[in-house]
Amino acid sequence: MGKRVAVVLAGCGVYDGSEIHESSAVLVHLSREGAQAEIYAPNVDQMHVVDHTKGQPTQEKRNVLVESARIARGNIKDLAKLDVKGLDALIIPGGFGVAKNLSTWATQGKNCTVSKEVEDALKAFHAAKKPIGLCCISPVLAAKIFPGCELTVGHDTECEKWPYAKTAETMKELGCKHVNKHVTEVHVDVKNKLVTTSAFMCNAPIHEIYDGIGKMVKEVVRLA
């Protein structure tokens with residue numbers, strides 16, 4: 001039997017949900033590793049809906065679970081029903097939905113709150129010493145919940161290649177150790193069983209982002 005890995009989504013689309021390429025990469029690499037993905041999302045309204053052709057919010061209302069079901073091809077469960085006992089690991093792809101729908105990081109930064117269901121899931125896997133994989137912006141969830149943990153969101157010096165590097169500084173302010181890594185690399189916090197990679201925090205070719213996520217998934221499955 002392959003490992004059973006919970007994948008938590010935050011909607012569908014980079015600006016208001018889960019980043020679709022990252023989510024797809026996670027599912028592809030889990031399949032390649034012989035693992036079974038079980039996809040979850042919270043049954044809540046999105047913070048807002050963004051028109052992805054303009055990058056601007058609209059007046060529309062959408063539900064995180066309903067939108068995430070698009071990526072899951074309909075095979076998805078309410079995050080409230082997640083039971084850590086039958087699962088071997090947890091992975092949360094990135095996308096602004098992590099900072100808007102799974103937490104309030106987008107509006108409050110280091111003073112944010114993490115949604116109760118997401119926090120409960122992360123703490124349950126952590127307490128059971130089961131590995132957690134996070135990419136792009138989703139390591140901020142661990143930064144908030146597990147003080148002193150080690151993470152990467154890429155680099156901590158802003159430039160054209162690393163436009164979101166200030167995130168690393170904010171994570172350090174929360175008491176975390178940020179480790180600079182290239183987009184194709186991962187960082188493993190052995191003590192906390194956290195595996196992180198930068199993905200679209202880096203302005204990199206998409207195949208490099210897929211490769212980095214592949215290493216993250218491989219390491220999560222190995223630790224499970």
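Predicted model, so just to flag it, every value in this text is computed and none were measured. Side chains included, hydrogens not; waters and symmetry mates left out as well; all remaining heavy atoms used.
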(request) Walk me through it: do Thr167 and Val140 pass the test side chain to side chain contact (heavy atoms under 4.5 Å, CB included)? (result) CA-CA 8 Å; Thr167 305; Val140 302; 3.7 Å; yes
(request) Applying side chain to side chain contact (heavy atoms under 4.5 Å, CB included), run through Val5 and Gln36 and close with a yes or a no. (result) CA-CA 6 Å; Val5 180; Gln36 180 185 335; over 6 Å; no
Quick one: does [X]'s side chain have a donor or acceptor within less than 3.5 Å of a partner on [Y]'s backbone?
X	Y	result
Thr58	Asp51	no
Lys130	Leu87	yes
Lys144	Cys112	yes
Asp16	Val50	yes
Ser23	Glu19	yes
Asn101	Met47	yes
Ser68	Val64	yes
Ser18	Ile20	no
Thr152	Val186	no
Arg4	Gly86	yes

(message) Working note: Ile145 + Lys123, criterion side chain to side chain contact (heavy atoms under 4.5 Å, CB included); need CA distance, chi angles, decisive distance, verdict.
(response) CA-CA 8 Å; Ile145 295 169; Lys123 283 182 171 174; 3.7 Å; yes
(message) As a quick check of understanding, evaluate salt bridge (Lys or Arg N to Asp or Glu O under 4.0 Å) for Lys116 and Glu119, giving each step before the final call.
(response) CA-CA 5 Å; Lys116 186 178 183 306; Glu119 183 168 350; over 6 Å; no
Looking at every non-hydrogen atom in both residues, tell me the closest pair between [X] and [Y] and how far apart they are.
X	Y	answer
Leu174	Lys110	CD2-O, 3.6 Å
Ala89	Ala224	CB-CB, 4.3 Å
Glu22	Cys135	OE1-SG, 3.5 Å
Gly95	Cys136	N-SG, 4.2 Å
Glu150	Val188	OE1-O, 4.3 Å
Val26	Ile91	CG1-CG2, 3.8 Å

(request) Measure the spacing between OH of Tyr15 and NE2 of His52 and express it to the nearest 0.5 Å. (result)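 If we round to the nearest 0.5 Å, Tyr15:OH and His52:NE2 are 6.5 Å apart.
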(message) Please report the interatomic distance CG(Leu151) to NZ(Lys181), rounded to the nearest 0.5 Å.
(response)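 Here the interatomic distance stands at 12.5 Å.
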Let me check something: any side-chain donor-acceptor pairs from residues 202-216 under 3.5 Å, sequence neighbours excluded? List them with distances.
unit_1 : atom_1 : unit_2 : atom_2 : d
Asn203 : ND2    : Glu160 : O      : 3.4
Tyr210 : OH     : His21  : O      : 3.4
Lys215 : NZ     : Thr184 : O      : 3.0

(message) Counting only heavy atoms not in Phe146 (residues, nucleotides, ligands), do more than 12 fall under 6.0 Å from its CZ?
(response)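 Atom CZ in Phe146 is packed in, count exceeds 12.
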(message) With a 6.0 Å cut-off (strictly less than), is the heavy-atom count around CG of Asp83, excluding the residue itself, greater than 12?
(response)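 Yes, enclosed.
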Test of understanding: clusters of I, L, V, M, F, W, Y form through side-chain heavy atoms closer than 4.5 Å, transitively. Do [X] and [Y] belong to the same one?
X	Y	answer
Leu65	Leu82	no
Val98	Ile71	no
Leu30	Ile39	yes
Leu141	Phe96	no
Ile137	Leu9	no

(request) Applying side chain to side chain contact (heavy atoms under 4.5 Å, CB included), run through Ile92 and Ile132 and close with a yes or a no. (result) CA-CA 8 Å; Ile92 306 180; Ile132 298 167; 5.7 Å; no
(request) Begin from the C-alpha positions of Lys193 and Asp189 and carry the test salt bridge (Lys or Arg N to Asp or Glu O under 4.0 Å) through to its verdict. (result) CA-CA 6 Å; Lys193 282 199 167 183; Asp189 177 341; over 6 Å; no
(request) Just say parallel, tilted or perpendicular for the rings of His182 and Trp162, cut-offs at 30° and 60°. (result)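 Answer is perpendicular, since the angle exceeds 60°.
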(message) Set out, in order, the CA-CA distance, both residues' side-chain angles and the distance that settles side chain to side chain donor-acceptor pair (under 3.5 Å) for His48 and Lys100, then state yes or no.
(response) CA-CA 8 Å; His48 62 189; Lys100 294 176 176 179; 2.9 Å; yes
(message) Between His126 and Asn192, is the side chain to side chain donor-acceptor pair (under 3.5 Å) condition met? List the steps.
(response) CA-CA 7 Å; His126 188 256; Asn192 290 296; 2.8 Å; yes
(message) Can you tell whether the side chains of Lys172 and Glu169 come within less than 4.0 Å, N to carboxylate O?
(response)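 Glu169 and Lys172: salt-bridged.
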